[in-house]
Amino acid sequence: MNSTLEQLKVKFEQALMVAFGDGMAGTDPMLVPASNPKFGDYQSNAALSLTKKLGQPPRVIAENIVKHIDIIDICEPPVIAGPGFINFTLKPEYLAAQLNTIQIDPRLGVELVKKPERAIVDFSSPNIAKEMHVGHLRSTIIGDCISRILEFRGHEVLRLNHVGDWGTQFGMLIAYLREVCPAALTTSEAVDLGDLVNFYRQAKQHFDADEAFQEAARQEVVQLQAGAADTRHAWQLLCEQSRKEFEVIYDLLDIHLTERGESFYNPLLPDVVAELDRLGLLVVDAGAKCVFLEGFTNKDGNPLPLIVQKSDGGYNYATTDLAALRYRIGQDGAERIIYVTDAGQANHFAQVFQVARRAGWISDGVEVVHVPFGLVLGEDGKRLKTRSGDTVRLRDLIDEAIARFRDYLEEKIKQEGREETEEFKANVAKVVGISAVKYADLSQNRNSNYVFSYDKMLAPLGNTAPYLLYAYARIQSISRKGNIDFEALGGEVRILLEEGTELVLAKHLLQLGEVLSNVEQDLLPNRLCLYLYELSEKFNQFYEQCPVLKSEEPQRSSRIRLCDLTARTLQLGLSLLGIPVLDRM
Ligand code: ARG
């Protein structure tokens, strides 16, 4: 099914061609959802923007369009307003027919893209021997959601975990462990990630203070690069240890992605430098090999270099990203590459993309984009920290959300005089706690910083996961009360839209496709959250105004169907955010 907006666009363009000639083909109808329901459902400013081209007053143009537009099946007669805006209001019969079509469609009318792309989403990407922090959590949640939406639209998505598993820090860590805890380098259970993080911190201090140690660390890097068996083995153990911890988080959050860390690209780094040299882009500056950037200057106004090989021969984060980019386009055949990291890395990506572009590594038709996000702040408005000032462990953060919701749930169950099993309560608390953390993140425009507040994210009212999950559960309780099996309803139910709230709900139900195609473009998951939140609100308004189980036929069946469609839309939308639903909570 083509979305309503697309159908209107086609009809609009046809009207333009009939009214003003074939030269109008391809003209943008400038159709957008109406800013205010008072103006109908969609509006167009095209008549105003065409005045110059057509040499006619906008109202005359608008009248001509309205005269020729063939939308009798979709809309009420369009209304011209002000200087020449055209307003469209959808017909109830049209809406009912659309709902009838989607009710038998498991995709609820959301089309698959006509041209599926091969996309890579680079997200999560924590660093070995360091804790995964809230920035990685954001990347994980946002990257997973973007991947799910692209997959649902029919794209082929490779989810890559660009783990920081390579670089000089390993030399330092291995050299240090040889001194203080050699067992960690030979046996897998000797240390956990917490220990490693501490060792890493101490190693760094040692490194900064002791020259002999610096040399030892450098030797380890050389050994690692050269593939010396015992250093290699030690490195693998360290990775293993970290990976185990990361997996705990991924399991908890139901995240699936392919690990392809920085080390994967290590063998390709020399060629990146050689190729840049061959292309004449490489400059040696104070012993370092670099490419001078366009549009990035230091405070004296001189171009900044992007260093791709340091004077000691080592490579950088940027070199690896250049190699990764070449590989992803050349070997993986990616057509769209999406990097989900904090906004602090915006310059890094802009610089890497620029060098890759100048080197001709980004083929035509390939889109590379950095999807930045803001910081996670504590309720004090500063970077999220524990009370003692340490970085917050993700595991603790999630457990806390679960525990707090559990308290709320116990209280509610008591108040309602219900009896529930331990299993039920544990499961509801776990699902809602995790969902609340995910939703709090996704519902913000990712470009801004957001305040991590358990109270806000767990609130049963407002734009939160509990609110949406309760809306879903409420609908399931209607089906239980009326002994109705939504799944067995079949496609025969005729939908009637008579009450205002029914119409509003119907229109909203039909907008999922538009919302998803917007998210696919601008990669802003908060749009989908807002859509689902408004859906729940509109459902609640409908449910207040219109009796469902107690109404007469044919309204009764029609309203049951609206309930079912709302529940399915919520379920689908939430699943794209990585959130499961609960029938009862
Ligand atoms: N490991 C990096 C970090 O923790 C993120 C990597 C993002 N992806 C990339 N291709 N650079 O900041």
Side-chain angles (χ1 to χ4, degrees), residues 119-147 157-170 173 193 196-197 200-201 204 235 238-239 242-243 245-247 249-250 255 257-266 268-269 272 306-308 315-332 334 336-357 361-362 366-376 383-384 391-394 441 446 523:
I120 287 180
V121 185
D122 173 322
F123 70 100
S124 193
S125 311
N127 302 314
I128 299 293
K130 294 192 190 165
E131 287 292 355
M132 206 180 192
H133 55 68
V134 283
H136 296 123
L137 181 67
R138 280 208 93 173
S139 173
T140 306
I141 294 171
I142 296 170
D144 177 57
C145 172
I146 288 174
S147 304
V157 179
L158 178 58
R159 302 149 160 253
L160 287 184
N161 200 356
H162 192 80
V163 173
D165 64 355
W166 200 249
T168 43
Q169 72 268 31
F170 287 97
L173 185 60
L193 184 59
L196 278 186
V197 171
Y200 184 82
R201 207 175 290 144
K204 176 103 182 60
W235 168 75
L238 297 176
C239 292
S242 298
R243 197 173 289 135
E245 301 269 332
F246 300 157
E247 258 149 32
I249 304 287
Y250 295 143
I255 304 292
L257 75 176
T258 305
E259 182 178 327
R260 197 199 270 169
E262 294 182 16
S263 61
F264 177 89
Y265 305 99
N266 184 52
L268 311 174
L269 302 181
V272 166
L306 180 74
I307 299 177
V308 292
Y315 301 100
N316 278 337
Y317 185 49
T319 327
T320 304
D321 262 322
L322 285 168
L325 195 57
R326 284 181 89 187
Y327 190 90
R328 291 167 181 186
I329 296 172
Q331 308 300 311
D332 295 320
R336 191 180 193 194
I337 310 181
I338 294 167
Y339 298 81
V340 188
T341 79
D342 61 283
Q345 300 198 31
N347 273 345
H348 163 75
F349 286 109
Q351 295 173 355
V352 165
F353 296 166
Q354 182 193 115
V355 170
R357 203 159 264 128
W361 295 338
I362 303 181
V366 173
E367 185 197 359
V368 292
V369 344
H370 177 218
V371 168
F373 53 79
L375 302 172
V376 183
R383 257 172 202 272
L384 190 68
T391 47
V392 185
R393 289 190 48 211
L394 298 188
D441 198 317
R446 57 172 166 73
L523 308 173

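Whatever order the structure lists ligands and atoms in, that order sets their numbers, starting from 1.
Residues satisfying the salt bridge (charged side-chain N to carboxylate O under 4.0 Å, His left out) criterion with D321, sequence neighbours excluded, are absent altogether.
Taking only non-hydrogen atoms, the option from L160, D321, I120 nearest to atom 10 (N) of ligand 1 is D321.
Which parts of ligand 1 touch F349 is read off a 4.0 Å heavy-atom cut-off, strictly below it: atoms 9 (C), 11 (N). Close approach of ligand 1 to T341 (heavy-atom distance below 4.0 Å) involves ligand atoms 7 (C). Listed by number with element, the atoms of ligand 1 under 4.0 Å from a non-hydrogen atom of Y317 are 2 (C), 5 (C), 6 (C), 7 (C), 9 (C), 11 (N). Remark: ligand 1 atoms within the under-4.0 Å shell around heavy atoms of D122 are 7 (C), 8 (N), 9 (C), 10 (N). Those atoms of ligand 1 with a heavy atom of Y339 less than 4.0 angstrom away are 10 (N).
Considering both main-chain and side-chain atoms, H348 never comes within under 3.5 Å of ligand 1 through any nitrogen or oxygen pair.
Atom CZ of R383 has 12 or fewer neighbouring heavy atoms from other residues, nucleotides or ligands inside a 6.0 Å radius.
Among all non-hydrogen protein atoms, the one lying nearest atom 4 (O) of ligand 1 is H136 NE2, 2.8 Å. Looking only at heavy atoms of the protein, atom 12 (O) of ligand 1 is closest to Q345 NE2, 2.9 Å. Of the protein's non-hydrogen atoms, the one nearest atom 9 (C) of ligand 1 is H162 CD2, 3.3 Å.
Contact of the T341 side chain with the F349 side chain is registered, since non-hydrogen atoms from C-beta on lie closer than 4.5 Å.
Screening D332, D165, D122 for a side-chain hydrogen bond (donor to acceptor under 3.5 Å, both in side chains) involving R260 leaves a single residue, D332.
Heavy atoms of D342 found under 4.0 angstrom from ligand 1: none, in either backbone or side chain.
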